[in-house]
Trainee: 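First the structure, which I've put down as structure tokens, then a few questions once you've had a look.
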Amino acid sequence: MTDAALDRDLPAGSRLPALQIGRLRIWPPVLQAPMAALTHPATRTIAERFGCGLAVTEFVPAAGLAAGAVRVRARMRPSHGGGPLAVQIYGREPRQMERAAAIAAEGGAALVDLNLGCPSKRVSRGQCGAALMREPALAAELVRAVVEGVAGRAEVTVKLRAGWDATQRNAPELAVLLVAAGAAAVTVHGRTREQRFGGAVDYELIAQVKAAVAVPVIANGDIKDVPTLEHALRVSRADGAMIGRAAIGDPWLFARLKAWCEGLPPPRPPSARERIATYLEHCRLHLACCDDEGRAVQQMRTFAGRYLAPLDADLRLRPAINRLDRLEAIEAMLYQHCDAVG
Ligand SMILES: Cc1cc2nc3c(=O)[nH]c(=O)nc-3n(C[C@H](O)[C@H](O)[C@H](O)COP(=O)(O)O)c2cc1C
């Protein structure tokens, strides 16, 4: 099927409708993807500030949450900005999932998402995440357990892949079962588990999911700017989009996508000083949640490359940051560099 065949009436210079998941209204219909060790409260705060409609926590193990592990519970801390809390959990034991969902809802979650997409073999010896796409009856049972756990206090959603591999692309059939079990929306990363994070994203398969269910569908995979957002939405006919890697260190992407959703011209690109200030603010917000400055600064290194790329023509900033473990020292070095290059 061609793009044109799937074209729909996105008004020119468009204003998309808000994404409505149960009682939760999400505007713009652009979400930040859950990303392990990256979408901590600081990252979600920055994303919300720049115009992301909803930011999801990294995946949280239901077993640890249900057992009351303090470090695990810390992963579902809300952002600093007051945006709705969306907690993603994973597991394969229904009673644990029910308990974890109840804890998330008690902790203020407006949405609890069930991970059916993680490709990792390490996660619960590979039996959770995408592996559950091969066990449709259990996956549906888990959704029912999570619905029971939240007891009407939060919306329950699922995040799938296209399927396990090229021979088992069952997202449309599975989505039907999961919605019947109580899922109020479905996010689809349009790759199979076998593809992991490479290869083509199949937005047409997401269109099949959209045609199969009566709840909102969110398209995910390789959306990195306005043209790819527009393409993904046109082909998949999804109600919203989820952005992962492209926004790491580029929260301005959310501002650009929001402007497009609103039918406004793109905002001007950030200046060097704005990039530095936003990176430092992101670091400070993360530091506020950690008791160890060295570790927090280290964890924030993943974001530095993209934040600072336009200032780092000779590729010296990254290694310089990697040698520092105090935020004050990083700040002084970055502004010195900025003054030196004008
Ligand atoms: C570092 C990293 C961590 C991720 N962690 C999670 C996770 O915790 N839960 C989840 O559902 N997906 C996770 N994903 C997958 C993303 O949510 C998303 O589906 C995938 O990256 C495709 O979207 P993108 O092309 O916009 O990055 C992770 C991806 C990356 C790169």
Side-chain angles (χ1 to χ4, degrees), residues 1 19 21-22 31 33-34 56 59 62 86-94 96-98 100-101 111-121 123-150 155-197 199-222 232 235-242 244:
M1 240 184 286
L19 177 61
I21 301 180
L31 288 76
V56 186
F59 63 179
V87 177
Q88 188 189 66
I89 59 174
Y90 74 90
R92 58 175 284 118
E93 210 286 291
Q96 255 171 15
M97 291 294 273
E98 180 184 344
L111 182 149
V112 176
D113 184 65
L114 170 49
N115 180 318
L116 295 176
C118 179
S120 171
K121 278 188 187 150
V123 172
S124 302
R125 294 191 208 88
Q127 293 183 315
C128 294
L132 288 165
M133 290 195 70
R134 301 205 287 183
E135 296 183 73
L138 176 58
E141 193 182 342
L142 294 175
V143 171
R144 280 191 293 275
V146 172
V147 169
E148 274 171 39
V150 303
E155 309 306 332
V156 174
T157 59
V158 289
K159 181 164 177 278
L160 314 174
R161 280 183 173 250
W164 181 256
D165 60 19
T167 65
Q168 300 172 73
R169 291 154 35 87
N170 64 338
E173 304 91 88
L174 183 61
V176 170
L177 284 182
L178 302 179
V179 169
V186 181
T187 301
V188 187
H189 176 190
R191 288 191 177 93
T192 61
R193 188 265 183 194
E194 191 181 44
Q195 288 178 289
R196 293 178 175 263
F197 297 99
V201 176
D202 190 345
Y203 300 116
E204 292 183 8
L205 189 92
I206 303 178
Q208 290 175 30
V209 174
K210 172 70 186 157
V213 297
V215 299
V217 171
I218 298 157
N220 171 238
D222 280 0
V235 177
S236 69
R237 300 175 169 256
D239 306 279
M242 180 178 269

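Just so it is clear, the model here is predicted, and its values are computed rather than measured. Just so it is clear, the values below take in all heavy atoms, side chains as well, and ignore hydrogens, waters and symmetry mates.
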Trainee: Work out which heavy atom in Ala101 is nearest to a heavy atom in Ile89; give both atom names and the distance.
Mentor: N-CD1, 4.1 Å
Trainee: Does any part of the side chain of Tyr90, heavy atoms only, come nearer than 4.5 Å to the side chain of Cys118, both counted from C-beta?
Mentor: no
Trainee: Show, in sequence, the C-alpha distance, side-chain angles and deciding distance for Leu178 and Leu114, and conclude whether the side chain to side chain contact (heavy atoms under 4.5 Å, CB included) test is met.
Mentor: CA-CA 10 Å; Leu178 302 179; Leu114 170 49; over 6 Å; no
Trainee: With sequence neighbours excluded, what pairs up with Thr157 under the side-chain hydrogen bond (donor to acceptor under 3.5 Å, both in side chains) test?
Mentor: Asp113
Trainee: So do the side chains of Gln195 and Pro119 get within less than 4.5 Å of each other, counting heavy atoms only?
Mentor: no
Trainee: Does Gln88 offer a backbone N or O that forms a donor-acceptor pair with the side chain of Asn115 under 3.5 Å?
Mentor: no
Trainee: Kindly compute the distance separating CD (Glu194) from CG (Asp165), expressed to the nearest 0.5 Å.
Mentor: 5.0 Å
Trainee: Roughly how far, to the nearest 0.5 Å, is the NZ atom of Lys121 from the CD atom of Gln127?
Mentor: 13.5 Å
Trainee: Let me confirm one number: the CD-CG distance from Glu141 to Leu177, rounded to the nearest 0.5 Å.
Mentor: 12.5 Å
Trainee: Who passes side-chain hydrogen bond (donor to acceptor under 3.5 Å, both in side chains) against Glu93, sequence neighbours left out?
Mentor: none
Trainee: Out of curiosity, Met133 CE to Leu174 CG, how far, rounded to the nearest 0.5 Å?
Mentor: 5.0 Å
Trainee: For the residue pair Pro172 and Ala212, what are the closest heavy atoms and their distance?
Mentor: O-CB, 4.1 Å
Trainee: State whether the side chain of Arg191 and the backbone N or O of Val201 hold a donor-acceptor pair below 3.5 Å, judged by distance alone.
Mentor: no
Trainee: Could you tell me if the side chain of Ile21 sits less than 4.5 Å from the side chain of Ile218, heavy atoms only?
Mentor: yes
Trainee: CE of Met97 to CZ of Arg92: how many Å apart, nearest 0.5 Å?
Mentor: 11.0 Å
Trainee: Can you give me the closest heavy-atom contact between Ala185 and Val215, atom names plus distance?
Mentor: CA-CG2, 3.9 Å
Trainee: Shortest non-hydrogen contact from Arg144 to Ala181?
Mentor: CG-O, 3.5 Å
Trainee: Main chain of Gly190, side chain of Asp202: is a donor-acceptor contact present, judged purely on distance under 3.5 Å?
Mentor: no
Trainee: Determine whether Arg134 and Gln168 make a side-chain contact, defined as any pair of heavy atoms from C-beta on separated by less than 4.5 Å.
Mentor: yes
Trainee: Heavy atoms, side chains only, cut-off 4.5 Å: are Asp239 and Lys210 in contact?
Mentor: yes
Trainee: Which atoms form the tightest heavy-atom contact between Ala184 and Glu155, and what is the distance?
Mentor: CB-OE1, 4.3 Å
Trainee: For the side chain of Glu135 and the backbone of Leu132, is there at least one donor-acceptor N/O pair under 3.5 Å apart?
Mentor: no
Trainee: State, with a plain yes or no, whether a side-chain heavy atom of Pro136 is found less than 4.5 Å away from one of Glu173.
Mentor: no
Trainee: Should Met242 and Val56 be marked as a side chain to side chain contact (heavy atoms under 4.5 Å, CB included) after you check the CA-CA gap, both sets of side-chain angles, and the distance that decides it?
Mentor: CA-CA 10 Å; Met242 180 178 269; Val56 186; 4.2 Å; yes
Trainee: May I ask you to decide if His189's main-chain N or O and Arg161's side chain share a donor-acceptor pair within less than 3.5 Å?
Mentor: no
Trainee: Mind listing the closest non-hydrogen atom pair of Ala171 and Leu205 along with its distance?
Mentor: CB-CD2, 4.0 Å
Trainee: To the closest 0.5 Å, what do you measure between CH2 (Trp164) and OG1 (Thr192)?
Mentor: 9.5 Å
Trainee: Considering only heavy atoms from C-beta outward, does the side chain of Leu19 approach that of Leu31 to under 4.5 Å?
Mentor: yes
